Amino acid sequence: MEKTFNAAEAESRIYDAWEQAGAFKAGANAKRDDTFCIMIPPPNVTGSLHMGHAFNNTLQDILTRWHRMRGFDTLWQPGQDHAGIATQMVVERDLAKEGKRRTDFTRQEFLKKVWEWKQTSGGTIINQLKRLGASCDWSRNAFTMSGAPGAPKGEDGNFHDAVIRVFVDMYNKGYIYRGKRLVNWDPHFETAISDLEVEQVEQDGKMWRLRYPLADGETYQHPVEWDEDGTVTATETRDYLTVATTRPETMLGDTGVAVHPDDARYTHLIGKHAILPLVGRRLRIVADDYADPEKGTGAVKMTPAHDFNDWAVGERTGLRAINVMNTKAAIALRGNADFAEGCPDDDIARCIEALDGIDRYEARDWIIQTAEAEGWLDGIDADRHMVPHGDRSKVAIEPYLTDQWFVDTQKVVQPAIDAVHNGDVTIMPDQDRKVYLHWLENIEPWCISRQLWWGHQIPVWFGPEKQDSNGTLFLAASSSSAGQPKQFCHATEAEAVASAEAYYGKPVRIVASRNEAVSDGFPMDAAEVKIWREEDVLDTWFSSGLWPIGTLGWPEDTEALNKYFPTDVLITGFDIIFFWVARMMMMQYAVVGQKPFHTVYVHALVRDEKGKKMSKSLGNVLDPLDLIDEYGADAVRFTLTAMAAMGRDLKLSKDRIAGYRNFGTKLWNAARFAEMNGAISAPTQYRQITDAKQTVNKWIIGEVGRIREDVDTALSAYRFNDAANALYAFVWGKVCDWYVEFSKPLLMDGTPEEQAETRTTMAWVLDQCLILLHPIMPFVTEELWQATPNRETMLVHADWPEYGADLVNPEADREMNWVISVIEGVRSARAQMHVPAGLKIPMLVSDLDAVGRAAWDRNEALIMKLARIDSLTESADFPKGTVTVPVEGATFGLPLADIIDVDEEKARLQKALAKLEKELSGLRGRLNNPKFAQSAPAEVVEETRENLAAREEEEARINAALARLAELG
RNA sequence: GGGUGAUUAGCUCAGUGGUAGAGCGCUUCGUUCACAUCGAAGAUGUCAGAAGUUCGAAUCUUCUAUCACCCA
């Protein structure tokens with residue numbers, strides 16, 4: 001064997017071997033009926049592996065490998081989502097390099113290019129996950145756009161089918177509706193986005209105060225002076241209202257001014273009007289609690305079509321909504337009937353001349369300059385405020401009035417809440433459970449339509465409504481807020497046509513667009529009715545929301561669906577609790593009436609070592625692939641696992657990773673030692689628990705039993721860090737530090753029987769280490785496993801052990817702990833007395849009791865070797881210059897007359913005594929308190945008594961040693 | 001403004017009522033035949049502060065301070 005594990009060379013070789021053997025396929029190594037299924041949180045098809053993925057998938061892989069080794073019928077389902085905006089963005093960026101735009105192509109042509117991109121670049125993250133060691137069943141790799149029209153060969157699958165059927169199902173159940181609502185509009189991508197895709201960004205801005213003249217000669221008294229109590233002492237008469245705004249350009253769409261109903265300054269104005277400068281529109285003054293008398297003048301301009309709060313006020317008070325922008329957030333006034341209505345022609349003409357087609361921010365500048373020139377700019381204040389931005393485009397979001405599709409979340413939310421309350425679904429840690437519930441209990445409608453080309457086109461066809469008993473066909477203007485066209489929602493075009501023909505009672509023809517359909521109206525004598533399909537696509541998260549059923553083959557009644565659904569555990573980041581977890585819960589219950597999984601493990605963020613979020617702009621990103629190159633996948637995985645304390649962010653440093661790389665090397669070298677001593681190649685049939693006679697072997701077998709239980713307990717509770725830390729302490733601290741050392745005298749100088757027993761035990765112990773470590777460190781453990789000839793299976797399919805603490809032999813346990821304490825005591829005394837490390841010295845012992853004597857006799861060779869002692873002599877009186885080592889049941893002495901410094905030895909003993917006294921006073925204090933004995937559990941009291949007795953014995957031994965020193969002066 | 005969490009060794013963090021822990025770093029010693037990606041020994045704590053509950057509090061309760069994140 002080499003001196004270290006060559007991760008770079010071995011990892012791909014081992015991974016390929018696993019794949020070739022079909023080791024990760026659903027059901028591989030299944031030995032029982034229980035199933036275990038994890039759905040990967042699908043990464044974006046545009047994505048590449050970052051630390052968050054590495055963390056997330058390491059935890060999933062641990063659970064998957066653990067269950068597979070335990071014989072569960074296991075499926076880790078991989079896949080990617082189609083990432084509507086992100087993918088379209090990537091492809092458009094490529095086109096831009098050739099000086100082309102999306103709109104230079106037809107929708108079909110563009111989609112062909114997207115698929116081409118997907119086929120060449122979309123598999124990046126799959127290969128990266130393989131480098132991490134992820135044991136997904138890649139033969140089942142899913143994609144949220146698979147099966148969509150236009151998908152090229154090799155993109156098999158029926159996910160599209162599932163998405164469409166879920167939409168139709170939810171539509172038919174009344175959970176989905178279309179409506180003209182204010183939505184978050186991204187002017188860059190020219191699509192609606194959901195409120196979750198909006199980021200609030202704090203920005204320095206301005207607050208402009210504008211004067212809106214009162215109509216019809218109205219005035220009010222505006223306070224200008226106050227006394228110390230705040231009582232108004234002077235007012236002035238004003239014939240205008242001052243309103244403040246951070247977005248002056250929206251004034252073009254103002255339709256009212258709101259004041260608080262109790263604001264005495266304005267009550268007489270309610271129902272009266274102000275005149276909108278520039279436009280000349282009459283603005284109704286309305287009363288609404290939204291207007292805060294304390295803020296500014298207490299009067300607020302109302303733009304229902306361009307502000308969410310104003311929209312709500314408009315709904316309550318009946319204000320018109322006037323859209324004054326186009327989809328690029330430029331001002332759109334020409335031909336805008338809503339805008340012109342009721343306004344003087346001159347004003348309208350001037351606005352169109354100056355502002356039509358102008359970007360919103362240029363329009364703002366022009367309006368402010370004009371206001372200043374014309375005297376209706378009251379003032380400008382600096383203001384820092386939140387501005388909504390698109391999380392992809394990074395441009396300011398525009399509240400925008402359009403027709404969109406919504407999931408009526410109120411109707412589907414309850415089962416998702418109940419399931420968590422009643423324990424059907426566990427979300428851990430608890431803080432994330434609270435976040436989940438809080439969000440669902442205050443759920444808002446979910447806007448699911450996107451004005452994109454890449455995505456699942458909504459399966460709804462529109463046509464005119466039958467108006468009256470005569471069957472007159474009527475279609476409301478698309479800009480009108482009243483009335484929707486007739487909708488035919490079906491999974492296929494044929495069904496939609498059939499349904500429409502039944503409705504109209506005449507043949508139906510599908511045309512490309514609404515414009516084509518309405519070109520010559522809907523004459524009663526027409527031979528056919530023209531219908532057209534909704535152009536919008538569905539939010540990517542809508543398709544991700546049905547990931548559990550969609551990947552398993554629903555709506556078909558597949559074997560996989562029957563076997564693995566509901567799935568078991570979902571492991572995901574806290575950042576997509578709303579985006580994904582909550583929506584999966586709602587949708588699975590809405591569509592199939594079952595929970596998607598029984599447990600959700602939410603993990604935190606991976607940060608840099610200073611606790612900063614990793615970001616490209618800060619340049620503090622650690623690339624998991626670089627780390628794997630440098631330290632190996634096992635080290636990266638172990639690090640993430642050891643740091644995965646629930647609910648806490650991980651601060652990742654390279655030192656830590658190097659430390660766990662060293663751990664792998666340690667394990668490697670223990671195996672190398674075993675190989676050199678004939679323990680690795682011990683015949684397979686002997687690699688089992690030996691009927692050990694040697695205390696050392698009995699002891700380590702018991703320790704293996706303990707660690708197996710600890711690891712299973714930890715993993716069962718999703719305490720990944722406990723599992724990793726326990727294994728680290730066991731393998732390094734117990735096996736390598738002690739057992740390997742203890743074995744040396746037996747392997748090198750033992751009888752043939754002792755040698756054989758120890759070889760077999762060591763082989764077994766190392767096998768158990770490999771098995772238990774494999775879920776966390778799959779590569780190095782598999783490599784070591786296969787270093788043994790004639791294995792029946794690869795380690796990935798080895799049986800997970802079921803023994804436990806029943807393997808512990810209490811006598812052996814006690815004895816080895818005693819041996820360790822003797823060795824540590826001697827080593828410590830030697831080091832502090834500056835005895836040269838290599839020097840072998842004699843040792844004395846007094847007060848050796850029967851148990852101690854038996855323990856010594858059985859373990860003399862290894863104590864003498866490890867403590868570097870060359871003889872033991874019983875001696876009631878230690879000679880002058882003896883260093884004392886007190887242990888339970890004996891006092892050992894190192895006669896070091898030539899070397900010892902009496903003062904130093906005295907200081908050493910006194911320090912030990914001081915520490916002991918502190919513990920003793922605590923123990924005595926507790927036992928002397930009568931309430932302790934009364935209230936504390938009996939075993940605690942007993943434990944305390946025993947502890948006190950042991951400490952008192954040690955105290956006596958140290959005091960005796962000090963007395964001897966004192967005699968010597 | 002609302003919510004959720006955090007504060008323990010120089011650093012990063014475990015630790016859900018019973019003797020304060022780990023890794024890294026640091027100090028001293030050591031190239032003895034698994035491993036210097038190593039071994040041995042060692043130093044380091046008002047468990048943020050205050051009050052309370054309890055025989056007993058890092059742990060439970062309340063308040064204060066500071067920090068972080070999420071939602072408005």
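Residue numbers begin at 1 in each chain, while the letters A, B, ... track the order of the sequences. Computed from heavy atoms alone, side chains included, the values below leave out hydrogens, waters and symmetry copies. All figures in this text were calculated on a predicted structure; none of them were measured in a lab.
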Are any of the side-chain nitrogens in [X] or [Y] under 4.0 Å away from the carboxylate oxygens of its partner?
X: A:Arg951; Y: A:Glu888; result: no
X: A:Arg957; Y: A:Glu953; result: yes
X: A:Arg672; Y: A:Glu2; result: no

Task: Closest non-hydrogen atom pair, A:Arg637 against A:Ile776 - done: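 Minimum heavy-atom contact is NE-O, 2.9 Å.
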Open item on the list: Suppose we screen for ring pair (Phe, Tyr, Trp, His ring centres under 6.0 Å). Which residues come up paired with A:Trp311, at least two apart in sequence or across chains?
Closed with: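 In terms of ring pair (Phe, Tyr, Trp, His ring centres under 6.0 Å), with neighbours along the sequence ignored, A:Trp311 is linked to no residue.
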Open item on the list: Suppose we screen for ring pair (Phe, Tyr, Trp, His ring centres under 6.0 Å). Which residues come up paired with A:Trp668, at least two apart in sequence or across chains?
Closed with: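 Partners of A:Trp668 by the ring pair (Phe, Tyr, Trp, His ring centres under 6.0 Å) criterion, ordered by chain and then number, come out as A:Phe5.
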Open item on the list: Can you list, in residue-number order, the parts of residues 919-927 of chain A that come under 4.0 Å of RNA chain B, counting heavy atoms only?
Closed with: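 Listed by number, they are A:Glu919, A:Arg926.
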Task: With sequence neighbours excluded, residues passing side-chain contact (heavy atoms from CB on, under 4.5 Å) with A:Asp575 - done: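 By the side-chain contact (heavy atoms from CB on, under 4.5 Å) rule, A:Asp575 matches no residue at all.
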Contacts table for residues 627-634 of chain A: side-chain donor-acceptor under 3.5 angstrom, sequence neighbours left out:
from	atom 1	to	atom 2	distance (Å)
A:Asp629	OD1	A:Arg131	NH1	3.1
A:Asp629	OD1	A:Arg131	NH2	3.0
A:Glu630	OE1	A:Lys654	NZ	3.2
A:Asp634	OD1	A:Phe779	N	3.1
A:Asp634	OD2	A:Val780	N	2.7

Task: side-chain hydrogen bond (donor to acceptor under 3.5 Å, both in side chains) partners of A:Asp712, counting only residues at least two apart - done: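 With neighbours one apart ignored, the set is A:Trp66, A:Arg708, A:Trp800.
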Open item on the list: B:G56, OP1 or OP2 - any side-chain N/O from A:Asn929 closer than 4.0 Å?
Closed with: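 Result: no.
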TODO: Check whether any side-chain N or O of A:Lys3 sits under 4.0 Å from OP1 or OP2 of B:C38, and answer yes or no.
DONE: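 For A:Lys3, the contact criterion (side-chain N or O under 4.0 Å from OP1 or OP2 of B:C38) is not met.
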Task: Contiguous pairing runs of three or more, Watson-Crick or G-U under 3.5 Å, that involve RNA chain B - done: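 As far as RNA chain B goes, consecutive pairing (with distances under 3.5 Å) yields the stems B:1-7 with B:65-71, B:10-13 with B:21-24, B:26-30 with B:38-42, B:48-52 with B:60-64.
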What is the distance, rounded to the nearest whole Å, between atom [atom1] of [X] and atom [atom2] of [N]?
X: A:Glu444; N: B:C71; atom1: CD; atom2: C1'; value: 12 Å
X: A:Ile577; N: B:C71; atom1: CD1; atom2: C1'; value: 13 Å
X: A:Leu766; N: B:C35; atom1: CG; atom2: P; value: 15 Å

How would you label the contact of [X] with the nucleic acid (heavy atoms, under 4.0 Å): base, sugar-phosphate, or nothing?
X: A:Pro937; answer: base
X: A:Asn947; answer: base
X: A:Arg672; answer: sugar-phosphate
X: A:Arg868; answer: base

TODO: Using a 4.0 Å heavy-atom cut-off, write out nucleotides 57-62 of chain B from 5' to 3' as B (base contacted by protein), S (sugar-phosphate only) or - (no contact).
DONE: ------
Distances under 3.5 Å between protein N/O atoms and the N/O atoms of nucleotides 20-22 of chain B, please, pair by pair.
none

Open item on the list: Centre-to-centre under 6.0 Å for A:Phe55 and A:His603, is that the case here?
Closed with: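 Close enough - the centres of the two rings lie under 6.0 Å apart.
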Task: Pairwise salt bridge (Lys or Arg N to Asp or Glu O under 4.0 Å) hits with a residue in residues 817-835 of chain A, at least two apart - done: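 Every pair satisfying salt bridge (Lys or Arg N to Asp or Glu O under 4.0 Å) with a residue in residues 817-835 of chain A: there are none.
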Open item on the list: With salt bridge (Lys or Arg N to Asp or Glu O under 4.0 Å) as the rule and sequence neighbours excluded, what pairs involving residues 731-746 of chain A come up?
Closed with: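 Every salt bridge (Lys or Arg N to Asp or Glu O under 4.0 Å) pair that includes a residue of residues 731-746 of chain A, provided the two are not neighbours, is A:Glu703-A:Lys734, A:Glu741-A:Lys744.
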Open item on the list: Is it the case that the side chains of A:Asn929 and A:Arg926 hold a donor-acceptor pair, with the cut-off being a distance below 3.5 Å and no angle test?
Closed with: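 Note: A:Arg926 and A:Asn929 side chains miss the donor-acceptor criterion.
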Open item on the list: Under a 3.5 Å cutoff, is there a donor and acceptor pairing between the side chains of A:Ser828 and A:Gln832?
Closed with: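 Side-chain D/A pair, A:Ser828 to A:Gln832: present.
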Distances for protein N/O vs nucleotides 39-42 of chain B N/O pairs under 3.5 angstrom?
from	atom 1	to	atom 2	distance (Å)
B:G39	OP1	A:Lys666	NZ	3.1
B:G39	OP1	A:Trp732	NE1	2.5
B:A41	O3'	A:Ser828	OG	3.4
B:G42	OP1	A:Ser828	OG	2.9

